[in-house]
Amino acid sequence: MSRNDEIAALFRGFAELLELTGANRFRVIAHEKVARAIEGLADDVATLAGTKGKLEEIEGIGEGSAARIREYLASGSIADLEALRAKVPPGLPELLQLQGLGPKTVKLLWEEAGVVDVTGLKAAIAAGKLAGIKGLGERKIAQISEAIALAERHVGRIRIDAATSLAESLVAFLRGLPGAVRAEFAGSTRRGRETAGDIDCLVSVAEPAEAAPLARRVESWPAIAKVLAAGDTKVSVLTADGVQADVRIVPDSAFGAALLYFTGSKEHNVVLRERAQASGRRLNEYGLFPDDGKPAPQDRGVAPIAARTEEEIYAALGLPWLPPEVREDRGETTHPVPRLVELADLKAELHAHTTASDGFLSIEELAEAAKARGFHTIAVTDHSRSSVQANGLSRERLLEHVEAVREAARKVKGITILAGSEVDILADGRLDYDDETLARLDLVVASPHTALRQSPEDATARLLRAIAHPAVRILGHPTGRITLGREGLSPDVRALVEAARTHDVALEINAHPARLDLRDVHVRAAIDGGALISINCDTHAREDLANARYGVLTARRGWATADRIVNCWSAERLHAWIRRKKQP
DNA sequence: GCCGTTTTCGGCCCGACTGTTTTCAGTCG
């Protein structure tokens with residue numbers, strides 16, 4: 001775990017313990033906010049902590065939290081947190097993960113029935129120990145039993161590709177229902193986050209009275225394993241794959257307000273509502289209303305100022321329409337957002353494998369696949385010799401392969417085929433081929449594949465050495481992380497960005513949904529730091545090129561513009577950049 | 001606990017659904 005994630009987890013745990021001990025809820029929220037703020041940092045929190053006042057500059061981190069972060073970095077623990085842990089049984093926080101169980105109920109179970117973990121909860125239910133506790137009726141107890149069973153089936157977060165395909169199939173189903181006017185998916189999947197905890201969809205009806213009948217039809221979605229909640233305007237379900245999906249039914253006249261609301265992020269929504277409030281208005285999922293001090297204006301016939309589209313709501317708040325990918329409360333309402341890169345801007349794939357190493361396409365098939373996507377350039381970059389598991393090429397095989405690529409380049413018209421290699425960066429930062437061999441290639445993508453558990457210091461030194469190598473043009477999947485799998489390296493990203501800018505090296509966003517490496521906050525650091533980006537599909541098979549959409553989403557989350565992404569450049573500009581000798 | 005071109009004290013977003021309730025608390029997003 002990176003140090004940032006470690007400290008974020010610490011504050012999240014702190015918040016849970018505060019909830020369970022009945023602390024002021026705003027204190028709880030404040031701790032959660034600190035956790036999110038640290039997760040959103042590209043910089044190492046320890047580096048910031050070293051400079052006086054830097055931590056306190058971060059929105060949501062005040063004097064108290066900054067002091068605690070420094071205390072943790074210096075001593076490895078936080079006294080206040082340890083004191084709290086001593087008061088609460090260690091198994092209690094896991095009870096909060098159960099659907100429908102919040103701090104109040106968990107506290108009740110603990111104090112009235114001596115329940116301190118999930119095992120104890122199961123036993124207490126089986127022994128009938130919960131019956132008779134005030135506030136716990138028969139149905140609530142049944143609901144808790146159900147939640148325990150569900151937790152065993154629930155898969156947790158899923159990757160963006162799985163989330164997207166599930167969301168798209170739900171939307172297609174909703175659009176086909178009688179009475180449905182419009183349907184879209186929202187939530188973190190619309191924002192392009194690398195993983196999703198659930199699927200959020202909305203569907204509109206012409207008249208409010210049609211919502212309830214449509215809600216009943218939503219329950220007939222074939223993918224449903226269990227209906228978790230079924231109201232007139234909201235249906236929550238668990239799919240057979242263990243993924244939760246929430247469907248909201250809204251009047252079509254409020255579709256924009258609902259889409260804005262359910263796209264989030266929660267933090268972005270809070271900023272928008274505060275903005276509305278500051279000008280005497282109120283924003284909810286039904287629209288932007290004049291604030292008359294009373295709740296639920298939509299139920300009292302108050303006409304909205306804006307509701308039909310996201311654009312008109314943003315405009316009424318004095319903002320341009322903001323792309324969903326930047327709605328994270330990372331400055332999007334206070335700094336101008338440039339025109340972000342789009343999928344159609346991509347004109348080249350610079351990281352691809354053939355049957356020579358571990359790909360499934362011949363050189364010519366690969367070139368045709370890239371051409372079919374309208375690309376002007378494809379780089380053949382098979383694995384280097386150390387990647388034995390991926391059938392990496394020996395020096396001799398590489399030189400033969402280069403000849404085969406040049407032969408194919410003569411045959412296939414309408415696209416430039418470059419002879420390159422994805423060269424392993426060894427643990428100490430040396431490259432996997434000698435300089436003379438590297439000099440024979442058109443393009444070198446240097447990537448780490450092994451020793452992915454080394455220290456941040458070693459990882460930084462290793463990657464800096466690779467960036468500085470005169471043959472290297474692109475740093476491939478810089479951290480080697482696997483989404484929902486392996487943590488990968490935690491280098492000093494700011495230092496990498498600075499070196500990449502100096503040596504004119506592009507940092508890759510590997511578009512494969514299992515990688516998405518660089519990740520969004522790193523892209524933002526690269527863009528802010530003046531480095532170039534390369535979006536590549538790491539193509540092994542024809543369908544891999546379709547993953548470009550996820551790379552583009554990640555780039556957009558990092559505020560990347562097409563001008564800074566080498567794959568978006570014209571053939572002339574890209575080829576000149578690739579040929580240009582780096583300064584030693 | 002954090003924050004301030006109304007404030008260094010007194011606020012801190014808003015609504016839906018469920019269950020245990022005679023009017024609301026807890027949970028969730």
Side-chain angles (χ1 to χ4, degrees), chain A residues 11 14-15 18-19 22-37 55-69 80-81 95-109 132-144 146-147 186-188 196-202 211-212 215 227-237 244-250 254 257-258 260-289 291 294-299 329:
Chain A
F11 272 84
F14 208 148
L18 286 169
E19 273 194 305
N24 176 300
R25 72 187 182 94
F26 295 110
R27 253 184 93 196
V28 176
I29 293 169
H31 281 79
E32 285 167 351
K33 194 168 180 183
V34 171
R36 282 197 307 271
L55 280 178
E56 291 87 341
E57 273 176 27
I58 300 164
E59 173 87 23
I61 300 182
E63 243 177 273
S65 297
R68 284 173 170 160
I69 292 169
D80 290 348
L81 179 57
L95 290 173
L96 289 175
Q97 303 310 314
L98 295 172
Q99 184 82 234
L101 273 198
K104 296 285 192 321
T105 314
V106 171
K107 198 156 177 275
L108 189 70
L109 290 168
I133 294 178
K134 194 167 152 50
L136 288 184
E138 219 174 291
R139 303 185 62 152
K140 186 74 188 174
I141 294 169
Q143 192 195 53
I144 294 172
E146 190 71 37
S188 53
D198 62 8
I199 304 296
D200 294 299
C201 282
L202 71 154
V227 176
L228 300 171
D232 290 348
T233 63
K234 175 181 165 177
V235 176
S236 286
V237 305
Q244 185 172 331
D246 297 325
V247 178
R248 301 291 294 245
I249 303 102
V250 299
L260 180 63
Y261 181 84
F262 293 112
T263 297
S265 65
K266 212 166 157 183
E267 295 72 38
H268 180 77
N269 286 348
V270 169
V271 172
L272 293 187
R273 285 204 211 96
E274 285 170 352
R275 206 179 166 98
Q277 210 181 34
S279 56
R281 292 170 296 176
R282 167 193 291 258
L283 178 64
N284 62 27
E285 58 261 57
Y286 299 99
L288 180 67
F289 295 90
D291 190 2
K294 286 179 277 189
Q298 68 279 358
D299 295 338
D329 190 21

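Here the structure is a predicted model, which is why all the values come from computation and not from measurement. Order of the sequence lines fixes the chain letters, A, B, ..., with proteins taken first and strands second; residue numbering starts at 1 for each chain.
Between the C1' atom of B:dG15 and the OH atom of A:Tyr286 lies a distance of 7 Å, rounded to the nearest Å. We find that CD of A:Glu274 is positioned 10 Å from C1' of B:dC3, with the value rounded to whole Å. Rounded to whole angstrom, the span from the CZ atom of A:Arg248 across to the P atom of B:dA16 amounts to 7 Å. Look at CD1 on A:Ile29: it is 12 Å from C1' on B:dG11, rounded to the nearest Å. The distance between atom CD of A:Glu56 and atom P of B:dG4, rounded to the nearest whole Å, is 14 Å. With rounding to whole Å, A:Asn24 atom CG is found 15 Å from B:dG10 atom P. One can place CD of A:Gln277 at 7 Å from P of B:dC12, the figure rounded to the nearest angstrom. In this structure, A:Asp232 places its CG atom 10 Å from C1' of B:dA16, rounding to the nearest Å.
Stems are defined here as 3 or more consecutive Watson-Crick or G-U wobble pairs with pairing distances under 3.5 Å; those involving DNA chain B are B:1-4 with B:9-12, B:14-19 with B:24-29.
With rounding to the nearest 0.5 Å, the separation of CD1 in A:Ile58 from NZ in A:Lys33 is 12.5 Å. Note that CD1 of A:Ile249 and SG of A:Cys201 are 11.0 Å apart. Values are rounded to the nearest 0.5 Å. Note that the CZ atom of A:Arg282 and the CG atom of A:Leu288 stand 11.0 Å from one another [nearest 0.5 Å].
Using a 4.0 Å heavy-atom cutoff across all strands shown, A:Arg282 reaches sugar-phosphate atoms only and no base atom. Using a 4.0 Å heavy-atom criterion, one finds that A:Ala230 contacts the sugar-phosphate atoms exclusively. Note on A:Leu283: only backbone sugar-phosphate atoms sit closer than 4.0 angstrom, heavy atoms only; bases stay farther off.
B:dC12 and B:dC17 have their C1' atoms separated by 25 Å, given to the nearest Å. Using P as the reference atom, B:dT23 and B:dC28 are 25 Å apart when rounded to the nearest Å. Nucleotides B:dC9 and B:dC14 have their C1' atoms positioned 25 Å apart, rounded to a whole Å. Comparing B:dT21 with B:dG26, their P atoms sit 12 Å apart, to the nearest whole Å. A distance of about 14 Å separates the C1' atoms of B:dT27 and B:dT20, rounded to the whole Å. Between B:dG4 and B:dT8, the distance separating the two C1' atoms is 8 Å to the nearest Å. For B:dG11 and B:dT7, the C1' atoms lie 9 Å apart once the distance is rounded to whole Å.
Heavy atoms from other residues, nucleotides or ligands lying under 6.0 Å from CD of A:Glu63 number 12 at most. Under a cut-off of 6.0 angstrom, the local environment of NZ in A:Lys140 is crowded, with over 12 non-hydrogen atoms contributed by other residues, nucleotides or ligands.
Taking the side chain as every heavy atom from C-beta outward, A:Ile133 and A:Leu108 approach each other to under 4.5 Å. Counting heavy atoms from C-beta outward, A:Arg68 and A:Phe14 have side chains that approach closer than 4.5 Å. Proximity of A:Asn284 to A:Tyr261: side-chain heavy atoms (C-beta onward) are nowhere separated by under 4.5 Å. Using a 4.5 Å heavy-atom threshold, the side chains of A:Thr105 and A:Leu95 count as separate. Within the 4.5 Å cutoff, no side-chain heavy atoms of A:Gln143 are placed close to those of A:Arg139.
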Summarise protein proximity over nucleotides 19-29 of chain B in one line of letters, 5' to 3': B for base, S for sugar-phosphate only, - for none, counting protein heavy atoms closer than 4.0 Å.
SSS----SSSB

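Regarding the sugar-base torsion, B:dT5 falls in the anti class, its angle being beyond 90° of 0.
Nearest-nucleotide positions on DNA chain B for A:Val270 and A:Glu63 put A:Glu63 closer to the 5' end. Summary of the strand contacts: A:Val235 and A:Asp291 both lie near DNA chain B, and taking for each the nucleotide with the nearest heavy atom, the more 5' one is attributed to A:Asp291.
Not counting sequence neighbours, the partners of A:Ser265 by the side chain to side chain donor-acceptor pair (under 3.5 Å) test are A:Glu267.
The side chain of A:Ser236 places no N or O atom within less than 4.0 Å of a non-bridging phosphate oxygen (OP1 or OP2) of B:dC17. Contact annotation: A:Arg68 side-chain N/O to B:dG1 OP1/OP2 distance is under 4.0 Å.
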